[in-house]
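All remarks here apply to the structure that follows.
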Amino acid sequence: MEGMTHRGKVVFGLDIGTRSIVGTVGYKRGERFVVMAQRVREHETRAMLDGQIHDIRKVGNSISIVKEELEKDIGGKLTEVCIAAAGRVLRTVTTHVEAEYEGERVIKDEDIYALSAQGIEQAYNEFQASNDTDMKFFCVGYSVIRYFINNYPIGNPEEHKAHSMGADMIITFLPEDVVDGLYKSVELAGLEVANLTLEPIAAIQVAIPEKYRMLNIALVDVGAGTSDISITRDGAIEAYGMIPIAGDSLTEVIAQHCLVDFNTAEQIKRQAEVQEEITYADIMGLSQTISKEEVLNVLKPAIENMTKPVADCIRELNGDKPVSAVFVVGGGGRVSGYTDMLAEELGIVKERVALRGKEVMGTIDFPEGIEKSSLLVTPVGICLNYYEQSNNFIFVSFNGTRIKVYDNGRLSVVDAAMQADFPNDGLFPKRGKELNYTVDGKVRMKRGELGEAAVITVNGEQGDIHTPIKANDVIQVTSSTEGEPAKLEIRNLPEFEQYIRVNVNDKKVNLPKFAQVNGALQSGYYEIKEGDTIQMLDYYTVSQILEFLDVILPKDTPIAVNNMLAGKDTPVYENFTMVWGEAAESIVQLQAASVAEPESLYEESGDTLTYDEESEEESAADTVEDTVNESAETDTVEKKVIPRSIVVTANGMPITLTGKASYVYVDIFEYIDFDTKTPQGSIVTLLNGEPAEYLKELKSGDDIEVYWKN
């Protein structure tokens, strides 16, 4: 607006209603708003229905006339305008959004903005998931119901320290055709949109001052085509709604009853507010008279049809319960009986449902001759909303397509991408396919490689998703790429780097662990595949050790493991001893002698056979004495029995049993940590998957399970 900077920022607001257009020009002076001029023009035809423009050109012509009249009144040119959209097809989404931070930080204004942007995107995605229409919707406004820091409610989180911040938000959406109709109409009048808001938001700016928003109040803006509803509680606007029935439905009832055209019926309705009798001409040209009482009786069923859905909507928005009070604004709510019937439908006292006009305009200064009434609440609110939240739509070029973006004052590339339906994962580097596998019974996952980030330019300059944008910017985005799928060889597993340490012919040997993949042995260069089951074996067989050492033994060469004769498939575990040749031969001979028990090893001494000490020295060092004492009348035999070792698996762990010539199931309890003194149900004993008795003999390689079963 030119030539008016000496008065401060002058605002031009248009309330483009179903029946009329109200233009208001004014400016803020401290806490007051000064109305410089106001003009009203009714539509010559029904160019708008239910709050939506049906004839853009006719509405544009009416706006031009209002604009020109106001320019004459203020002595200046008007170039920008603030407008409001009716909620005919308003959709709202209530959502909670949360941001977690690494450590505690001081919340700044940009953090709050980022949280709001995150909430808008989250609500948009939620809305799109349930959008069952072919219409494209725009976000046209949002309100933060309440903030949270560290999960506790707070009025304003800025400058507070927190490790998390959250918000309950309400976000509103309107179809593209509704927004387009408003923009094209004002463009025909030579105006640019400076701010767009919703009619219920605009009305609440005036009708419910912030100090009253702690109360649970409903505001009903009853226009000609729609009844817009908003709910306040705990200091915030909690919900919006709309009923597509308002003042025009009453006018249509009068037109039918009095047999007149729509405009004449509208005059009868208005005159009935202030006159006891109304004279009019019907469509036959005959003069007729109708009393105010008759008009109200005719309208009573229609008023009930208006107020019942409004009351139902209020309850629904307020959690299925009535509000404490209702403020009514707009021309459609001025008809006698409306507020009383709405109170009755809500089940609250009549005094708590009232028209609001001059009562809430104490800080609004009007020129002489303009009456402060409920009709002016929304027009003034449209102007005031400009100072609270300047919003608008701008056009930008995104990958060669002209798109419209809702301007919240902090637009960036990501906002344009979202509005252009550009895939979200096209902005960020995409990981290649992950690799899932199992190692020793534990599920593992390796992520794929990150691809290249999106290449973004704004007006030819390199940018990123956070680069600010403005009207007419040219944005080019080349989608991000997907990285290489995850690859992993067995030798790169941490378990593969471990060794099995054994003693071979008195030399310490480190044997790299083998990997068994899906039942087959694989080398360290095996590339793991999706779903592979890998077991890192913790033993080598005798033949594997010989192969690893590149040793070829003559046929029938004796081999011993832990002083026991062994075969090629005998397992060799950590710290086991393996020998062959002469060292193993002596063990073989000793075992053979033990089996044969030759009498030459014993000397006769009276009635007692005593083991020859010299032979004892030649036997293995690890022997235990097993003395069998018979009765005094019989001979006493003392002999040395050579023990043997076996390796079994108990509850998944390899265990070496040593010190005995043979072993039974119950021996395992000496080697495992299992509390038998405190029963925890019935004990389960399994041997190679089958139930086992305690005295069942064990052999190398047996698989034992012992556990309590409730």
What I'd like to find out is whether the side chain of [X] reaches to under 4.5 Å of the side chain of [Y], using heavy atoms alone.
X: Ile204; Y: Arg213; result: yes
X: Glu80; Y: Val193; result: no
X: Val222; Y: Arg334; result: no
X: Asn385; Y: Cys82; result: no
X: Glu159; Y: Val106; result: yes
X: Lys300; Y: Met341; result: yes
X: Phe33; Y: Val206; result: no
X: Tyr338; Y: Leu355; result: no

Mind checking the [atom1]-[atom2] spacing from [X] to [Y]? Nearest 0.5 Å is all I need.
X: Ile475; Y: Thr467; atom1: CD1; atom2: OG1; result: 9.0 Å
X: Ile456; Y: Ile465; atom1: CD1; atom2: CD1; result: 6.5 Å
X: Ile154; Y: Ile149; atom1: CD1; atom2: CD1; result: 3.5 Å
X: Ile107; Y: Lys161; atom1: CD1; atom2: NZ; result: 11.5 Å
X: Thr438; Y: Met445; atom1: OG1; atom2: CE; result: 12.5 Å
X: Ile231; Y: Glu238; atom1: CD1; atom2: CD; result: 9.0 Å

Using atom types as modelled and distance alone, determine if a side-chain donor or acceptor of [X] lies under 3.5 Å from a backbone N or O of [Y].
X: Glu252; Y: Phe262; result: no
X: Asp111; Y: Lys108; result: yes
X: Ser480; Y: Gly426; result: yes
X: Lys269; Y: Gly247; result: yes
X: Lys184; Y: Ile56; result: no
X: Thr94; Y: Ile170; result: no
X: Thr232; Y: Leu215; result: yes

Can you pull out every salt bridge (charged side-chain N to carboxylate O under 4.0 Å, His left out) where at least one residue sits in residues 186-197? Sequence neighbours excluded, please. none
Pairs in or reaching into residues 318-331: which pass salt bridge (charged side-chain N to carboxylate O under 4.0 Å, His left out), with residues at least two apart or in two chains? none
Residue pairs involving residues 451-463 (criterion side-chain hydrogen bond (donor to acceptor under 3.5 Å, both in side chains); sequence neighbours excluded): Asn459-Asp473
Sequence neighbours excluded - side-chain hydrogen bond (donor to acceptor under 3.5 Å, both in side chains) pairs with any residue from residues 162-175: His96-Asp168, Arg146-Asp168, Asn150-His163
Would you say that more than 12 heavy atoms from the other residues, nucleotides or ligands in this model lie under 6.0 Å from the [atom1] of [X], or not?
X: Glu126; atom1: CD; result: yes
X: Glu344; atom1: CD; result: no
X: Gln118; atom1: CD; result: yes
X: Glu484; atom1: CD; result: no

Results of salt bridge (Lys or Arg N to Asp or Glu O under 4.0 Å) for [X] - residues two or more places apart only:
X: Lys433; result: none
X: Arg41; result: Glu44
X: Arg356; result: none
X: Asp340; result: none

Partners meeting side-chain contact (heavy atoms from CB on, under 4.5 Å) with Tyr212 (sequence neighbours left out): Ile208, Pro209, Ile217
Apply side chain to side chain contact (heavy atoms under 4.5 Å, CB included) to Ile469 and Val413, showing your working. CA-CA 6 Å; Ile469 59 173; Val413 170; 4.0 Å; yes
For [X] against [Y], the heavy-atom pair lying closest together:
X: Ala84; Y: Leu182; answer: O-CD1, 4.1 Å
X: Tyr147; Y: Ala167; answer: CD2-CB, 4.0 Å
X: Ile243; Y: Ile229; answer: CG1-CD1, 4.1 Å
X: Pro322; Y: Asn216; answer: O-OD1, 4.2 Å
X: Ala246; Y: Ser249; answer: O-OG, 2.6 Å
X: Leu115; Y: Glu98; answer: CD1-C, 4.1 Å

Given side chain to side chain contact (heavy atoms under 4.5 Å, CB included), test Ile120 with Asp415 step by step and report yes or no. CA-CA 10 Å; Ile120 293 171; Asp415 297 304; over 6 Å; no
Verdict with reasoning, Gln476 to Asn399, per side chain to side chain contact (heavy atoms under 4.5 Å, CB included): CA-CA 5 Å; Gln476 285 292 136; Asn399 285 355; 3.6 Å; yes
Can you name the one residue among Tyr124, Phe127, Phe173 that meets ring pair (Phe, Tyr, Trp, His ring centres under 6.0 Å) with Phe137? Phe127
Can you list the residues that meet the ring-ring contact (aromatic ring centres under 6.0 Å, His included) rule with Phe398, with sequence neighbours excluded? Phe422
Tell me, please, which residues at least two apart from Tyr437 pass ring-ring contact (aromatic ring centres under 6.0 Å, His included). none
Mind running side chain to side chain contact (heavy atoms under 4.5 Å, CB included) on Leu188 and Ile63 for me, showing each step along the way? CA-CA 9 Å; Leu188 286 174; Ile63 293 173; over 6 Å; no
No-hydrogen, no-angle side-chain donor-acceptor test under 3.5 Å, Thr378 and Asp15: no
Side chains of residues 309-317: which donor-acceptor partners sit under 3.5 Å, not counting sequence neighbours?
{"unit_1": "Asp312", "atom_1": "OD2", "unit_2": "Lys308", "atom_2": "NZ", "d": "3.3"}
{"unit_1": "Arg315", "atom_1": "NH2", "unit_2": "Glu345", "atom_2": "O", "d": "2.4"}
{"unit_1": "Arg315", "atom_1": "NH2", "unit_2": "Leu346", "atom_2": "O", "d": "3.4"}

